[in-house]
Amino acid sequence: MSEEKSLNFLEEIIEEHLKEGRYTSIVTRFPPEPNGYLHIGHASSICLNFGLTKKYPGYTNLRFDDTNPDTEDTEYVDSIKADVRWLGFEWKHERYASDYFDQLFEFALKLIDKGLAYVDESSSEEIASMKGSPTEPGRNSPFRDRTIDENRDLFLRMKNGEFPDGSRTLRAKIDMAHINMLMRDPILYRIKRAHHHRTGDKWCIYPMYDFAHGQSDSIEEITHSICTMEFVPHRELYDWLIEKLGIYPSHQYEFARRNINYTVTSKRKLLQLVNEGHVTGWDDPRMPTVSGLRRRGYTPESIREFCERIGIAKRDNLVDVGLLEFCVREHLNRIALRRMVVLNPLKLVITNYEQGEEMLTMDNNPEDVSAGNREIPFSAELYIEQEDFMEEPPKKYFRLAPGQMVRLKSAYIIRCEEVVKNPDGSIRELRCVYIPESRSGHDTSGINVKGTLHWVSARHAIKAEVRLYDRLFRVEDPTDEEGDFKEYLNPASLVTVEGAFAEPSLASAGHHDRFQFIRNGYFVLDSSATPETLIFNKTVSLKDGWTRPKTDK
RNA sequence: UGACCCAUGGUGUAAUGGUAGCACAACAGAUUUUGGUUCUGUUUGUUAAGGUUCGAAUCCUUAUGGGUCAACCA
């Protein structure tokens, strides 16, 4: 395989820059605002930014864009750092836009001195009404032509807390008729008396995104500042400010954010789901957050692989969540320990098994012999899955039915002899006979069966709660539907099975273990589980290749 | 009725003027003590119309479709 993997458009740009000597190494940054938890879309950006400096010489900073103290909090800072590390990346410098507040203030003064910024006393509504529209030019503020001295004095007094919140702003003096709305004298600073998670009450004025992000990039000498497409119009202002300030020329490049079907990736919407109790928290296993995926049992490897496969481009997209599921199955298939767990038990009695019990050997992972074997107890009273038995089976039903034979995984072949019912007609238990010569690994019976079932020994089984998850929304793109997106939540996104029976070895399951419950799916111990109460989360189902007959849904 | 960004199978992404490829999904078959895994094969695509060229997914024009922009959010 000497075939070079094709480059995405950013790698092409960087290789060109490196080749022509514009840079000898690159610096990128991942710039979250600490006002929410990271989600799968951020994971894509993290893999991109950190991946680029893994592939090319250079490094990546983690920089918190903390210029709006109203919504930001250290809780988010901590979760973001944990998530980036869990994904497998380490930043060079941990920085905060708030580290630069003094310098940003000086930058603002510099702009004022150059006659490129002014203090405006218009109200928020007045500024909006003077802004014009995409098709109509705006109007100049009556405060636009103050002298430099006046602006300097006023801005200092803004900083010193002499004016009430919202009463004044510092604006760049560009062009109120500019075709780009962002160039119509954008607000640079606002007055806001809010406690900042890092600078406390030192400041009562805070810079806006446009006056913090690019300047922070410049201070850190970021070479390639990568963001999403909605910032394309900001680039003109980004470049204007850097040029007028005469500071290090970072450059902004944009890519299309990744969207995934059957979920939402908007911090605002995710926050709503949390606050309104539609999920149990940011780390609810149904959430597309990094912490949710982690609790659900996803591995960092599988998430990185997913990000690699979906790639980077500039067009709108809606990625099939099936690809994410494929990636996690692919990884878990290699590493997960196979275990037997019966979710909906049906009692099965082997009438001709007279030796009480015995231990049978079973592979821990057929994909990995080094995972070894274990012993599992077998006895005359077992549980199998309710859905593995049908009294009147359709054609091609390989499971148990009256008179039909199946193999019990790693044990014996059995034949169903009798169905014992309760007074209400429901099935109480199955009575079967086993074929003694068919023991797994020592089968001399010569019998071939199509189906193999998982099972647990009734006497030895341990109880477990199993949480089954399905997609959070019923529709591919909840944001695109009529009305509130929450109307499209999937009511069956969580199904809790309380009375599952697990094989005894699961009593010692650890939080880092990954399991495949045979014939069912991949599972992980929930973070809330204790040695006394086993709780498992379903990460993802096994692929189901069985095309059921039409009568059966 | 403005500006900007984007347009390749069902989905995501390659092809950088010269054979439209890869992955997922779907379907069919083989193997299988997990209806899993693995293996083999099949179906499906350049938004449209003009132009440039020996040759266009690629360059040009127009149209169409989608997205973004009028927060003291980022």
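The figures here come from the full heavy-atom set of this structure, side chains too, leaving out hydrogens, waters and symmetry mates. In what follows, chains are A, B, ... by sequence order, proteins preceding strands, each numbered from 1. These numbers come from a predicted model, not from an experiment.
Ring-base stacking between Trp546(A) and G35(B) is satisfied, the centre separation being under 5.5 Å and the plane angle under 30°.
Side-chain to base pairing of Arg315(A) with U8(B): one donor and one acceptor N or O lie within less than 3.5 Å of each other. A donor-acceptor contact under 3.5 Å is formed by the side chain of His234(A) with the base of A74(B). For G35(B), its base never sits under 3.5 Å from the side chain of Arg519(A) at any donor and acceptor pair. Taking 3.5 Å as the limit, the base of U34(B) and the side chain of Thr452(A) contain no donor-acceptor pair of atoms between them. A donor and an acceptor atom never sit less than 3.5 Å apart when one is taken from the side chain of Glu308(A) and the other from the base of G12(B). For Arg329(A) and U37(B), a side-chain-to-base donor-acceptor distance below 3.5 Å is absent, hydrogens and geometry of angles not being considered.
Among the protein residues, Pro31(A) comes within range of no part of the nucleic acid, since none of its heavy atoms lies under 4.0 Å from any strand. Base engagement by Gln516(A) is indicated by at least one non-hydrogen atom pair under 4.0 Å involving a base atom. Counting any heavy atom pair closer than 4.0 Å across all strands shown, Tyr397(A) reaches a base atom. Ile413(A) comes within 4.0 angstrom of nothing in the nucleic acid, heavy atoms only. Among the heavy atoms of the strands, none lies under 4.0 Å from Lys450(A). At the heavy-atom level, Gly166(A) lies under 4.0 Å from base atoms of the strands shown. Heavy atoms of Ser167(A) sit nowhere under 4.0 angstrom from any nucleic acid atom. Here Leu453(A) lies out of heavy-atom contact (under 4.0 Å) with every strand. Among the heavy atoms of the strands lying under 4.0 Å from Phe231(A) is at least one base atom, whether or not backbone atoms are also near. Counting non-hydrogen atoms under 4.0 angstrom, Gly138(A) reaches nothing in the nucleic acid.
As a whole-Å value, the separation of Asp316(A) CG from G66(B) P is 11 Å.
Arg190(A) has a side-chain polar atom (N or O) that falls below the 4.0 Å cut-off from OP1 or OP2 of C73(B). Taking 4.0 angstrom as the limit, Ser124(A) places a side-chain polar atom (N or O) nearer than this to OP1 or OP2 of C72(B). For the OP1/OP2 pair of U13(B) and a distance below 4.0 Å, the side-chain nitrogens and oxygens of Arg258(A) include at least one atom meeting the criterion.
For the P atom pair drawn from C59(B) and G2(B), the interatomic distance equals 25 Å after rounding to whole Å. Atom P of G36(B) sits at a distance of 26 Å from the matching atom of U44(B), rounded to the whole Å. The gap from the C1' atom of G67(B) to that of G9(B) amounts to 22 Å, rounded to the nearest Å. U53(B) and U1(B) are spaced 37 Å apart, taking the C1' atom of each and rounding to whole Å. Atom name C1', nucleotides A56(B) and G51(B): the rounded distance is 11 Å, in whole Å.
Residue Glu220(A) forms a salt bridge (Lys or Arg N to Asp or Glu O under 4.0 Å) with just one option from Arg63(A), Arg29(A), Arg95(A), and that option is Arg63(A).
When distances are taken from the side chain of Lys543(A) to each of C5(B), A26(B), C73(B), the shortest belongs to A26(B). Listed nucleotides: U34(B), U37(B), C73(B). Nearest to the side chain of Arg338(A): U34(B).
Distance alone, capped at 3.5 Å, places no donor-acceptor pair between the Asp210(A) side chain and the His234(A) backbone.
Pair assignment for A15(B): none, as no Watson-Crick or G-U wobble contacts are both less than 3.5 Å.
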